[in-house]
Amino acid sequence: MSNPLEELRGECRRLLEGGLRSLSISEPLELVFSKPPSLEMGEVSTSICFRLASKLHRSPRELASELASALDASSSQLVESVEAVGGYINFHADIGEFSRLTLETVLKLDEEYGFLKAERPERVMVEHTSANPNGPIHIGNARNSILGDALARMLKRRGHRVVIHFYVDDMGRQVAMATYGWRLLGRPEPKGPPDLWVGTIYASVNVIKEVKRLKRELEEAKTLKAYARVSEINAQLSHYAAAAQELRERDPQLFDRLLEALEDEEDPDGAISRLNAEYERGEPEAKRDVRRLVEYCLKGFKEALGEIGIHFDSWDYESDLVWSGAVDEVINRLRRTPYTRFEDGALVLDCEAVARDLKLKERWGINPRYEIPELVLVRADGTTLYTTRDIAYSLWKFERVDRVINVIGYEQSTAQLQLRIALAALGHVDIADRQRHYAYKFVTLPGLKMSGRLGRYVTLREVVEKAVELAYREVDARSPGLPEGEKRRIAEMVGHGAVKYALLSVDPMKTVVFDWDRVLDFERNSAPFIQYSHARACSILRKAEDRPEPDYGLLRDVKERELIYLIASFPDVFQEAVEALSPQAIASYANQLADKFNSFYASHPVLKAEPEGLAGARLMLVDAVRIVLRNALSVLGIEAPERM
RNA sequence: GGGCCCGUAGCCGAGUGGAUAAGGCGCCGGCCUUCGGAGCCGGAGAGCGGGGGUUCAAAUCCCCCCGGGCCCGCCA
């Protein structure tokens with residue numbers, strides 16, 4: 001058995017069934033258990049008497065006390081006593097037996113403790129990050145990466161076969177724009193972090209282009225004496241001028257060269273569109289240049305994400321999908337359905353009709369009043385759109401796995417729904433069902449939004465760098481005697497942990513306003529706080545010269561019992577977190593465990609505990625805390641240093 | 001106009017039907033003769049945006065309203 005709490009609940013269930021039998025109550029009902037508000041009231045409780053009461057026309061209190069006295073706790077080793085409290089039935093565990101069961105299970109399973117395996121393991125694909133390859137990973141994308149990485153780790157620990165994919169969106173106009181800028185610069189090699197460098201080129205081209213356009217429009221408006229228009233354009237101009245200023249400061253040489261080169265360009269937008277079309281057709285020169293630039297950017301992604309331990313199994317290029325003919329095939333198949341038509345030369349999918357015919361709104365719980373917008377599959381000029389290519393990508397994915405989780409921003413909800421509808425239209429309702437849009441909201445900067453087009457973002461690199469630096473200062477101050485390499489290593493674990501925890505500990509559906517203080521918080525309710533607790537536990541264990549035989553029955557104090565209960569809950573927490581895809585539940589659990597441990601630590605000596613049996617039992621407890629903290633952090637992708 | 005998401009103390013934020021609504025920051029007051037003070041103990045501070053409803057039981061479910069965000073592109 002690997003779930004101590006479930007074992008205790010099993011005993012409670014057995015007793016309860018016996019009690020119901022002896023009272024000749026045979027109402028069919030599911031025996032559900034929960035946790036009483038405090039340990040004084042027991043470890044396990046059930047509210048079935050409330051449900052039973054209305055069926056039997058009795059009062060819950062009466063029923064509960066009758067039922068409780070009909071239970072025979074003496075037949076169970078794990079359950080010590082049962083009592084009825086205001087309609088609830090509460091079960092008290094035998095302290096010694098429950099502690100022994102819990103702690104010995106943890107110690108025995110060690111790195112596997114808590115990670116209950118799924119009954120039916122599946123092949124699961126997690127697609128995450130998939131940032132456009134035209135700028136750096138910023139703290140907004142990083143929320144995606146960190147969530148996706150934690151989800152993948154959780155699913156793996158649950159026993160699923162997980163593959164982690166990155167979708168390289170290289171077909172969009174933005175990548176063509178960056179490549180165009182790169183050509184204007186004479187195809188140079190990157191300077192500094194390559195993804196940031198690409199982002200600077202892209203944003204510079206964009207901003208310079210916009211300024212030029214606005215200046216032209218300003219002249220026109222002035223000639224026409226359209227004064228309202230003039231002031232409107234002026235406002236926009238100052239907006240772009242500010243962005244231009246920022247970009248120029250970042251790399252004056254690069255910016256000025258682009259500014260100069262763009263002066264001579266007749267029609268930059270036309271050139272960008274041509275490059276984009278050439279690339280979609282797979283023309284060699286376009287292919288060579290765009291791929292080259294994209295590779296630079298991906299190299300930067302791999303560096304920035306790899307530094308914090310985030311890796312991918314596969315990088316799938318959107319362009320490959322197009323060139324392979326898979327996208328055309330999808331389009332042809334869709335054209336054979338009754339749901340597509342041409343409108344103004346574009347091929348359109350009637351999503352509403354698909355949903356109606358296949359009853360998708362009922363199936364997916366969509367508000368019937370919501371009219372699903374049509375989806376343009378092919379433009380009038382014959383080129384495809386992002387979502388169209390995504391349909392082909394989904395089919396490709398399901399040739400490989402049973403289930404797909406796409407970590408994608410919430411703002412793409414409509415597109416993701418249309419994608420599933422298109423899959424259903426193709427006859428793959430099952431695939432549509434097993435494809436999950438794991439949505440999260442954006443990270444905003446205080447006051448303003450991050451913007452790749454303006455080159456305005458807080459990069460993951462700078463956040464990580466600052467966090468590690470700060471952690472290093474702390475480590476150096478606290479443990480000056482450690483070898484330099486170890487201090488560095490610890491500072492990385494702590495700094496990376498702080499950043500990850502800051503993004504994992506909030507509900508993905510809430511917007512996060514980026515705040516340096518939050519990310520660099522090393523106090524309670526942070527990864528460093530949890531890591532610190534882990535290091536403290538390790539420190540005690542290091543100092544223990546021998547391990548006296550534990551007497552589990554001596555772990556009677558509330559703080560000890562709370563810890564044991566929490567430790568015993570970890571398998572539940574893990575399982576529920578995976579089912580709900582909620583890394584945050586694990587983060588919050590780890591923090592709670594660390595919190596309780598520190599409280600215990602302050603008032604309960606371990607090494608000097610008397611008698612020996614208590615010292616032995618507390619050592620087991622400390623060891624179990626250590627294991628669970630480490631396991632909980634590791635499934636989130638956070639390392640636990642043994643000293644810091 | 002329609003749809004979706006969010007709204008919990010001064011601030012940040014757990015908590016999706018159950019018994020006293022976590023925790024953190026900030027504020028006030030304590031704790032370095034015991035294993036690491038990135039710590040611990042105590043105090044003040046919310047009845048969960050507002051109003052109805054369902055239920056033995058609602059921050060959690062339903063309806064209406066208010067505030068904020070997002071989407072409704074031949075962008076991605």
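- Side-chain atoms of A:K608 stay outside donor-acceptor range of the base of B:C35, with no qualifying N/O pair under 3.5 Å.
- Counting non-hydrogen atoms under 4.0 angstrom, A:P373 reaches the backbone sugars and phosphates but no base.
- Within 4.0 Å of A:L607, counting heavy atoms only, lies at least one base atom of the nucleic acid.
- Contacts of A:D344 with the nucleic acid, taken as non-hydrogen atoms under 4.0 Å apart, include base atoms.
- Residue A:F529 is classed as a sugar-phosphate contact, given heavy-atom separations below 4.0 Å to backbone atoms only.
- In this structure, A:D517 reaches neither bases nor backbone, as no heavy-atom distance under 4.0 Å exists between it and the strands shown.
- Residue contacts for A:S38: at a heavy-atom cut-off of 4.0 Å it reaches a base atom on one of the strands shown.
- Residues of residues 50-58 of chain A that place a heavy atom closer than 4.0 Å to RNA chain B, in numerical order, are A:F50, A:R51.
- Residue contacts for A:A535: at a heavy-atom cut-off of 4.0 Å it reaches a base atom on one of the strands shown.
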*Paired and unpaired positions of RNA chain B as dot-bracket, Watson-Crick or G-U wobble under 3.5 Å, | denoting a partner strand*: ((((((((.[[[..)..(....]]].(((((.......))))).....[[[[[..)....]]]]])))))))....
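- Here B:G42 is in the anti range [glycosidic angle more than 90° from 0].
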_Worked check of ring-ring contact (aromatic ring centres under 6.0 Å, His included) between A:F529 and A:F522_ = CA-CA 6 Å; A:F529 170 72; A:F522 289 5; over 10 Å; no
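- Counting any heavy atom pair closer than 4.0 Å across all strands shown, A:V475 reaches a base atom.
- Between A:R536 and B:G37 there is a side-chain polar atom (N or O) within less than 4.0 angstrom of OP1 or OP2.
- A:N406 is linked by a side-chain hydrogen bond (donor to acceptor under 3.5 Å, both in side chains) to A:K397, counting only residues two or more places apart in sequence or in another chain.
- Side-chain N/O atoms of A:Q592 include none lying less than 4.0 angstrom from OP1 or OP2 on B:A22.
- In terms of polar N and O atoms assigned as donor or acceptor, the side chain of A:S47 never comes within less than 3.5 Å of the base of B:A57 in a complementary pairing.
- Within 4.0 Å of A:H534, counting heavy atoms only, lies no atom of the nucleic acid at all.
- Not one side-chain nitrogen or oxygen of A:S588 sits closer than 4.0 Å to the OP1 or OP2 atom of B:A14.
- Nucleic acid contact class of A:F442 (heavy atoms, under 4.0 Å, all strands): none.
- Remark: C1' of B:C75 and CG of A:L377 are 15 Å apart, rounded to the nearest angstrom.
- In the interface, the side chain of A:Y410 is paired with the base of B:C4 through a donor and an acceptor atom under 3.5 Å apart.
- B:C11 and B:C27: their P atoms are spaced 16 Å apart (whole Å).
- Between A:K510 and the phosphate of B:C5, there is no side-chain N or O to OP1/OP2 separation shorter than 4.0 Å.
- A:K441 forms a cation-pi arrangement with A:Y410, by the criterion of a distance under 6.0 Å to the ring centre and an angle within 45° of the ring axis.
- The base of B:A14 does not come close enough to the side chain of A:N525 for any donor and acceptor atom to sit less than 3.5 Å apart.
- Nucleic acid contact for A:Q174: sugar-phosphate only, since backbone atoms but no base atoms lie under 4.0 Å from a heavy atom of the residue.
- The CG-P distance, from A:N276 to B:C74, rounds to 16 Å in whole Å.
- At a threshold of 4.0 angstrom between heavy atoms, the contacts of A:V606 include nucleobase atoms, whether or not backbone atoms are also involved.
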